[in-house]
Amino acid sequence: MWRLTLGLAAAAAIAAPAGQAAAKGTDLDSSATMMSATELPKPDAVAEAVDQEQQYEIGPFDVLDIAVFQVDMLSKTLQVDGAGHIEFPMIGEITAAGKTPKQLGEELAAKLDQTYLRSPQVTVYVKDSASQKFTVEGAVKTAGVFPLKGRMTLLRAIATAQGVDQDAKLRNVVIFRTVNQKRIAGVVNLGEVRTGKLGDPQVYAGDVIVVPSSSSRKAFRDLIAATPLLLFLHP
């Protein structure tokens, strides 16, 4: 059982097992609640997020790879403009934003079929998502902002950042998220996720993952204490 100290006011709450604290509704402050890090609620922008139950919707400034089977001259890489449109050869302007890649491909195929091609096969792939990104910071090989493609989990996000550094504090990895216009955080033991003892938390667009180093424990505590959030712990 590990404990995370957030100052004297929170010491009593942290000392209790996380499961008991959640069951009793113990607060870290007037609005905070503790629960398992694997139970982080979905963010406010979940309608735009990619998960296993819903497909990605194209957004402004996304970069699309569009391929027309056996018609190389019509295979293009295009960026959606700020109004959500693309300009496609032989068709002209068409709205891409708000549609899934499959829906856009079907619409392009239908328009080409009406005028130029017979039963064309059009595939659309989101090469770079401007609106769907997550951030990995701290003790990782390559910190930065990365596109969220497909279903993303914590382990996949860490792998995208080329893995953790040797001095990474695996027990205190944090996922920051905005839910109901509030900044919240889930603290999870990455080592136990790796070994399968804990589930692999899903990562959504807008999430910020922070991997602290063993030499920055005080800075980590200061970061948590200074952030208005709901803190989710797992024993």
Side-chain angles (χ1 to χ4, degrees), residues 2-7 10 14 18 28-29 32 34-46 48-51 56 59 61-63 126 128-195 198-234:
W2 58 269
R3 298 177 180 177
L4 178 65
T5 303
L6 297 182
I14 300 300
L28 294 181
D29 56 38
M34 293 191 297
M35 65 179 68
S36 169
T38 57
E39 296 176 359
L40 270 170
K42 293 181 179 181
D44 295 338
V46 67
E48 299 176 345
V50 177
D51 65 23
Y56 175 74
F61 306 112
D62 284 356
V63 178
V126 180
D128 184 24
S129 172
S131 57
Q132 303 292 308
K133 296 182 182 293
F134 65 93
T135 302
V136 184
E137 298 180 351
V140 293
K141 302 290 186 183
T142 308
V145 180
F146 304 96
L148 193 153
K149 298 178 181 179
R151 184 178 186 273
M152 182 62 63
T153 67
L154 178 60
L155 287 180
R156 288 186 62 192
I158 296 297
T160 302
Q162 304 301 314
V164 298
D165 289 338
Q166 291 184 350
D167 64 342
K169 186 71 173 178
L170 299 184
R171 294 180 62 188
N172 292 336
V173 174
V174 186
I175 303 174
F176 287 99
R177 181 172 298 165
T178 300
V179 177
N180 296 326
Q181 298 183 340
K182 293 182 179 179
R183 180 82 159 167
I184 69 171
V187 182
V188 65
N189 187 325
L190 181 62
E192 292 189 350
V193 174
R194 282 177 166 178
T195 60
L198 290 178
D200 192 3
Q202 186 162 347
V203 173
Y204 291 93
D207 282 358
V208 177
I209 300 165
V210 179
V211 181
S213 65
S214 56
S215 61
S216 62
R217 296 181 65 181
K218 183 180 183 301
F220 171 78
R221 291 196 298 268
D222 292 343
L223 173 65
I224 294 295
T227 305
L229 48 77
L230 304 178
L231 180 65
F232 298 86
L233 305 177
H234 195 286

For Val136 versus Ala157, what's the shortest heavy-atom pair and its separation? CG2-O, 3.9 Å
Below 4.5 Å, heavy atoms only, C-beta onward: do Val208 and Glu137 meet side chain to side chain? yes
Closer than 3.5 angstrom, by distance alone: can the side chain of Asp62 be matched with the main-chain N or O of Gly59 as a donor-acceptor pair? yes
Out of curiosity, Phe134 CZ to Arg177 CZ, how far, rounded to the nearest 0.5 Å? 12.5 Å
Please report the closest heavy-atom contact between Pro147 and Asp128, naming both atoms and the distance. CB-OD1, 3.9 Å
Side chain Asp200, main chain Leu155, donor-acceptor under 3.5 Å: yes
Test Val126 against Val63 for side chain to side chain contact (heavy atoms under 4.5 Å, CB included), laying out the working first. CA-CA 6 Å; Val126 180; Val63 178; over 6 Å; no
Evaluate the side-chain proximity of Gln202 to Arg151: yes if any heavy-atom separation is below 4.5 Å, no if none is. yes
Decide yes or no on side chain to side chain contact (heavy atoms under 4.5 Å, CB included) for Phe146 and Lys133, but give the supporting numbers first. CA-CA 5 Å; Phe146 304 96; Lys133 296 182 182 293; over 6 Å; no
When you compare the side chain of Val173 with that of Ile209, does any pair of heavy atoms fall below 4.5 Å? yes
Test side chain to side chain contact (heavy atoms under 4.5 Å, CB included) on Ile184 and Thr178 and set out the steps. CA-CA 6 Å; Ile184 69 171; Thr178 300; over 6 Å; no
Would you sort out whether Ile158 and Val164 count as a side chain to side chain contact (heavy atoms under 4.5 Å, CB included), showing the intermediate values? CA-CA 7 Å; Ile158 296 297; Val164 298; 3.7 Å; yes
Suppose we screen for side chain to side chain donor-acceptor pair (under 3.5 Å). Which residues come up paired with Thr135, at least two apart in sequence or across chains? none
Does Asn189 use its side chain to pair, donor to acceptor, with the backbone of Glu192 at less than 3.5 Å? yes
Does some side-chain heavy atom of Val210 sit less than 4.5 Å from a side-chain heavy atom of Phe176? yes
Is any side-chain heavy atom of Pro201 less than 4.5 Å from a side-chain heavy atom of Val193? yes
If you define the side chain from C-beta out and look only at heavy atoms, does anything of Lys182 sit under 4.5 Å from Val179? no
How many angstroms lie between atom OG1 of Thr160 and atom CE of Met152, to the nearest 0.5 angstrom? 4.5 Å
Hey, what do you get for CG (Asn172) to OG (Ser213), rounding to the nearest 0.5 Å? 11.0 Å
